[in-house]
There are 2 protein chains.
Amino acid sequence: MPEFDETFSAQFRPGSPVKGSKTGEPIMALFDLIGRRWSMGILWNLAKQDRTFRDLQASCDSASPTVLNTRLKELRAVGLVEKTANGYSLTTNGRELFEKLEPLGEWAKSWTKTL
Amino acid sequence: MPEFDETFSAQFRPGSPVKGSKTGEPIMALFDLIGRRWSMGILWNLAKQDRTFRDLQASCDSASPTVLNTRLKELRAVGLVEKTANGYSLTTNGRELFEKLEPLGEWAKSWTKTL
DNA sequence: GCAATATGCTACAAAAAATGTAGCGATGCA
DNA sequence: TGCATCGCTACATTTTTTGTAGCATATTGC
């Protein structure tokens, strides 16, 4: 498990109110985590296949290495992503979360047509 | 339909690459929209019941009125949320999206226990 | 071996987004 | 008519995200 440090977003630093939610509702805490730029994109792309840092960057609209690295640290800290010999991959937990996210893919397709 | 204006986040302003995704994948465009602070929280809370601006603010960890208003404009602009006589509510489309989001609630509960 | 290239990341400055707070106009109701 | 509440905007401050440069460590070609 990686160490927490000052590169984490404020709510994920040690001592922050449990996982960022003032109301204490788990769903709001989760939204706080994955509702950040690139978090869901990272999960989505890692689910399709393990990725190196570079691959991941390319598949995430060229997000800057700075955020990408921050997001990866956060996701690793909560046990959704892990670092492997040749890059990053989802943990069992991460894969579980992805399964809940997956239905959004189909929906998104029909949604963009309405715009 | 509300008018686009400079209070929108950069990718949602007129002329921006279709809905913010460089890769053009619908899912990334969706993530770009809902992966912003409070977007999912707003959808989640509106799904439970229609809300006034004030209620919504309270149910979203007291998000500042500034962002709340920006998010609501964005969500209205893409037809997920609508303004009613006494507040805000989800459109049919919004409700559809919520259904895809709903399974996250249960998952979040068990997830917080692992932290 | 050893330069050339690629990869994973950090530093740091600049831009953009979120926050907090004050306050204004409209509506409700006493 | 006076006072409270609501929905929202203005604006200054703080946090995040971005962009770019660059450095250390593999990896490749020769």
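Residue numbers begin at 1 in each chain, while the letters A, B, ... track the order of the sequences.
- Separating the CH2 atom of A:Trp38 from the C1' atom of D:dT16 is a distance of 14 Å, rounded to the nearest angstrom.
- Between A:Glu74 and A:Arg37 no salt bridge is recorded (no basic side-chain N to carboxylate O distance below 4.0 Å).
- Counting all heavy atoms, side chain and backbone alike, A:Ser59 lies closest to B:Met28 at O-CE, 3.5 Å.
- With C:dC12, D:dA21, C:dT21 as the candidates, the nucleotide lying closest to the side chain of B:Thr66 is C:dT21.
- Distance CG (B:Leu56) to C1' (D:dC6): 14 Å, rounded to an integer number of Å.
- Here C:dT7 presents its C1' atom at 13 Å from CG of A:Leu68, a figure rounded to the nearest Å.
- At a cut-off of 3.5 angstrom, the base of D:dG7 holds no donor-acceptor pair with the side chain of B:Thr52.
- Taking atom CG of A:Leu72 as the reference point, atom P of C:dT10 lies 11 Å away to the nearest angstrom.
- OP1 or OP2 of D:dT18 sits under 4.0 Å from a side-chain N or O of A:Arg37.
- When the nearest nucleotides of DNA chain C are assigned to B:Arg54 and B:Ser64 by heavy-atom distance, the more 5′-ward of the two goes with B:Ser64.
- What separates CG of A:Asn86 from P of D:dT27 is a distance of 10 Å, to the nearest Å.
- The CG atom of B:Asp61 sits 15 Å away from the C1' atom of C:dG20 (whole-angstrom rounding).
- Of all non-hydrogen atoms in A:Asn86 and A:Thr52, the two that sit nearest each other are O-CG2, 3.8 Å.
- Following rounding to the nearest Å, B:Arg51 (CZ) and D:dC6 (C1') show an atom-to-atom distance of 16 Å.
- In this model, the phosphate group of C:dA18 is not approached by any side-chain N or O of B:Thr70 to a distance below 4.0 Å at OP1 or OP2.
- Considering only side-chain N and O atoms, A:Tyr88 lies nowhere under 4.0 angstrom from the phosphate OP1 or OP2 of C:dT7.
- Atom CD of B:Gln57 and atom CD1 of B:Ile42 lie 10.5 Å apart (nearest 0.5 Å).
- Here the straight-line distance linking atom CD of B:Glu102 with atom CG of B:Leu97 works out to 11.5 Å at 0.5 Å rounding.
- Taking 4.0 angstrom as the limit, A:Lys83 places a side-chain polar atom (N or O) nearer than this to OP1 or OP2 of C:dC9.
- The phosphate of C:dA18 has OP1 or OP2 within less than 4.0 Å of a side-chain N or O from B:Arg71.
- Protein atom CG of B:Asn69 is 16 Å distant from nucleotide atom C1' of C:dT21, rounded to whole Å.
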